[in-house]
Amino acid sequence: ISRLARHTRNLEADPRASLLFDGTGEGADPLSGPRVTLRGRAVRTDDEVPRRRFLARHPSAEAYAGFSDFGMWRLEVNDAHFIGGFGRIVEVARDELLVPIDRAKGLIEAEPEILAHMNNDHSDAVHLYATRLGGQSAGDWQMVGIDPGGIDLVDWPRTARISFPAPVLTPGDARKALAD
């Protein structure tokens with residue numbers, strides 16, 4: 001985000017922040033659909049992994065992401081407030097939300113190579129992940145992210161997330177999960 005934006009300056013003054021994810025389907029009553037608010041602190045980061053993942057998913061941002069007033073931020077999640085519909089409200093603790101990645105360093109480091117390999121050598125499999133597992137229509141699908149929880153696919157402007165049935169922590173685990 002840019003320092004020119006008011007919300008960035010607000011976060012620098014007070015880092016408390018929240019993100020709302022709305023699972024209400026198109027045309028449905030937004031007051032009856034599921035939604036979750038993640039609450040925490042916004043923190044600027046110089047870690048290259050979030051930048052790499054963001055640009056893989058939003059390649060047009062490359063034109064301005066290197067400007068000196070832009071920076072990558074992450075939300076340090078404290079907890080969440082889940083609403084599953086009328087009268088279905090649950091507070092969710094941090095430990096119940098986050099996928100531990102401390103043992104996934106090898107997977108995180110190998111992500112660029114895994115993505116290049118899948119997109120260059122197994123584009124047919126990537127297409128099947130999107131269409132068969134993700135329920136998407138045919139297109140020029142690319143794998144743009146892999147983490148312990150699953151893979152991210154893009155065929156602009158469409159995106160798809162395919163979750164793994166169990167956490168994937170190593171490149172070997174990834175190979176097996178992608179083959180399965």
Side-chain angles (χ1 to χ4, degrees), residues 1 5-47 49-58 61 71-108 111 114-115 129-137 141 143-170 173-174 176-178 180:
I1 55 179
R6 175 175 281 168
H7 57 266
T8 306
R9 295 191 306 271
N10 288 344
L11 289 173
E12 290 173 336
D14 182 351
R16 290 176 298 168
S18 63
L19 294 173
L20 172 67
F21 296 90
D22 183 354
T24 304
E26 213 174 293
D29 178 1
L31 297 178
S32 65
R35 53 214 181 266
V36 64
T37 302
L38 300 180
R39 300 178 295 212
R41 288 182 60 239
V43 179
R44 188 174 173 143
T45 179
D46 293 325
D47 185 351
V49 173
R51 184 178 200 284
R52 181 184 76 222
R53 296 196 82 196
F54 177 79
L55 292 175
R57 193 155 186 162
H58 306 283
M72 298 303 296
W73 290 66
R74 62 185 166 82
L75 183 67
E76 290 181 345
V77 176
N78 291 334
D79 60 9
H81 181 76
F82 173 76
I83 301 173
F86 184 78
R88 294 177 47 211
I89 301 170
V90 179
E91 298 296 321
V92 184
R94 180 181 197 278
D95 293 342
E96 295 177 68
L97 292 167
L98 303 179
V99 174
I101 61 168
D102 53 331
R103 295 187 351 246
K105 185 177 180 185
L107 176 67
I108 293 166
E111 182 186 38
I114 293 169
L115 300 178
Y129 299 152
T131 57
R132 296 266 176 94
L133 298 177
Q136 301 291 321
S137 59
W141 289 96
M143 187 182 299
V144 296
I146 185 168
D147 57 62
I151 59 174
D152 296 313
L153 306 172
V154 169
D155 176 28
W156 280 104
R158 301 178 299 160
T159 63
R161 172 76 176 176
I162 309 299
S163 297
F164 293 133
V168 166
L169 301 176
T170 67
D173 293 345
K176 181 173 179 352
L178 293 170
D180 288 349

Keeping the roles fixed (side chain from [X], backbone from [Y]), state whether a donor-acceptor pair exists under 3.5 Å.
{"X": "R158", "Y": "S137", "answer": "yes"}
{"X": "Y129", "Y": "W141", "answer": "no"}
{"X": "E76", "Y": "R41", "answer": "no"}

Rounded to the nearest 0.5 Å, how far apart are [atom1] of [X] and [atom2] of [Y]?
{"X": "R57", "Y": "L55", "atom1": "CZ", "atom2": "CG", "result": "13.0 Å"}
{"X": "L133", "Y": "I162", "atom1": "CG", "atom2": "CD1", "result": "5.5 Å"}
{"X": "R103", "Y": "D173", "atom1": "CZ", "atom2": "CG", "result": "9.5 Å"}
{"X": "I1", "Y": "R44", "atom1": "CD1", "atom2": "CZ", "result": "8.5 Å"}
{"X": "R53", "Y": "H58", "atom1": "CZ", "atom2": "NE2", "result": "11.0 Å"}

Could you report the tightest heavy-atom contact between [X] and [Y], atom names first, then the distance?
{"X": "D22", "Y": "R35", "value": "CA-CB, 4.1 Å"}
{"X": "R161", "Y": "G149", "value": "NH2-C, 3.4 Å"}
{"X": "D79", "Y": "L97", "value": "C-CD1, 3.7 Å"}
{"X": "R94", "Y": "V77", "value": "NE-O, 2.8 Å"}
{"X": "I89", "Y": "H81", "value": "CG2-CE1, 3.4 Å"}
{"X": "P148", "Y": "F164", "value": "O-CD1, 3.6 Å"}

Inset, instruction - Evaluate the side chain to side chain contact (heavy atoms under 4.5 Å, CB included) criterion for residues Q136 and D155: first the C-alpha distance (whole Å), next the side-chain angles of each, then the deciding distance (0.1 Å), finally the verdict. - result: CA-CA 10 Å; Q136 301 291 321; D155 176 28; over 6 Å; no
Inset, instruction - Please determine which of D147, I101, L169 meets the side chain to side chain contact (heavy atoms under 4.5 Å, CB included) test together with I108. - result: I101
Inset, instruction - Apply side chain to side chain contact (heavy atoms under 4.5 Å, CB included) to L178 and M143, showing your working. - result: CA-CA 11 Å; L178 293 170; M143 187 182 299; 4.1 Å; yes
Legend entry - Sidechain N-carboxylate O distance under 4.0 Å for D47, R74: no
Inset, instruction - Mind running side chain to side chain contact (heavy atoms under 4.5 Å, CB included) on R39 and E91 for me, showing each step along the way? - result: CA-CA 11 Å; R39 300 178 295 212; E91 298 296 321; 2.6 Å; yes
